[in-house]
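Quick notes on the structure that follows.
All values derive from a computational prediction rather than experimental measurement.
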Amino acid sequence: MTGAGFEGEPLHVDHGGPTHACLCRAASPCFTWLREVTGHAASYEIGLRRALGASRRQVAGQFLAESTTIGLLCGIVGAALGVVVVVCVAGVKQWTPVLDFRLALGAPVAGAVVGLLAGLYPSLRAARMEPADALRSPS
């Protein structure tokens, strides 16, 4: 950021690759844990789907689709909030906000990729569940 403390000077926001890598690295374990918890909570649903004939691939695909969608939506919300915060701070400080919208457009893609990667382990674990065991587990 440049221009901090100088009235009327543009506020340049440039977060490079290292910042994104750190954020993705921090978010991925949390996301994996969240999917693991929801996988345990949905074990009855998984067992029922498997008992009704859903293949392991279909169960894994459902979990991956859910994880990717959640990551995409979080990326959209995060990018929107980031733009709003930068514009608001720049307005309050009487700076001219200069935003690189490629970063804002890339955030949903990055979120979807993080969601996909973080959902791999929980989806494979859900796919390996035996229907009878999943139906017996408490919800």
Glu130: what forms a side chain to side chain donor-acceptor pair (under 3.5 Å) with it, not counting sequence neighbours? Arg56
To the closest 0.5 Å, what do you measure between OG1 (Thr68) and CD (Glu66)? 10.0 Å
Qualifying residues under side chain to side chain contact (heavy atoms under 4.5 Å, CB included), relative to Ala51, sequence neighbours excluded: Pro131, Leu135
Rounded to the nearest 0.5 angstrom, the OG-CZ distance for Ser123 and Arg128 is 9.0 Å
Would you list the atom pairs, donor with acceptor, under 3.5 Å between side chains in residues 101-120 and any protein atom, with sequence neighbours excluded?
| residue | atom | partner | partner atom | Å |
| --- | --- | --- | --- | --- |
| Arg102 | NE | Asp100 | OD1 | 3.0 |
| Arg102 | NH2 | Asp100 | OD2 | 3.1 |

ILVMFWY cluster membership beyond Leu81 - transitive side-chain contacts under 4.5 angstrom: Val77
May I have the step-by-step check of side chain to side chain contact (heavy atoms under 4.5 Å, CB included) for Val89 and Trp95, ending in yes or no? CA-CA 8 Å; Val89 168; Trp95 295 334; 4.2 Å; yes
With sequence neighbours left out, write down each residue that passes side chain to side chain contact (heavy atoms under 4.5 Å, CB included) with Ala54, or none if nothing qualifies. Arg49, Gln58, Val59
Any side-chain heavy-atom pair of Phe63 and Ile46 under 4.5 Å: yes
For Arg57, enumerate each residue passing the side chain to side chain donor-acceptor pair (under 3.5 Å) test, keeping only those at least two apart in sequence or located in another chain. none
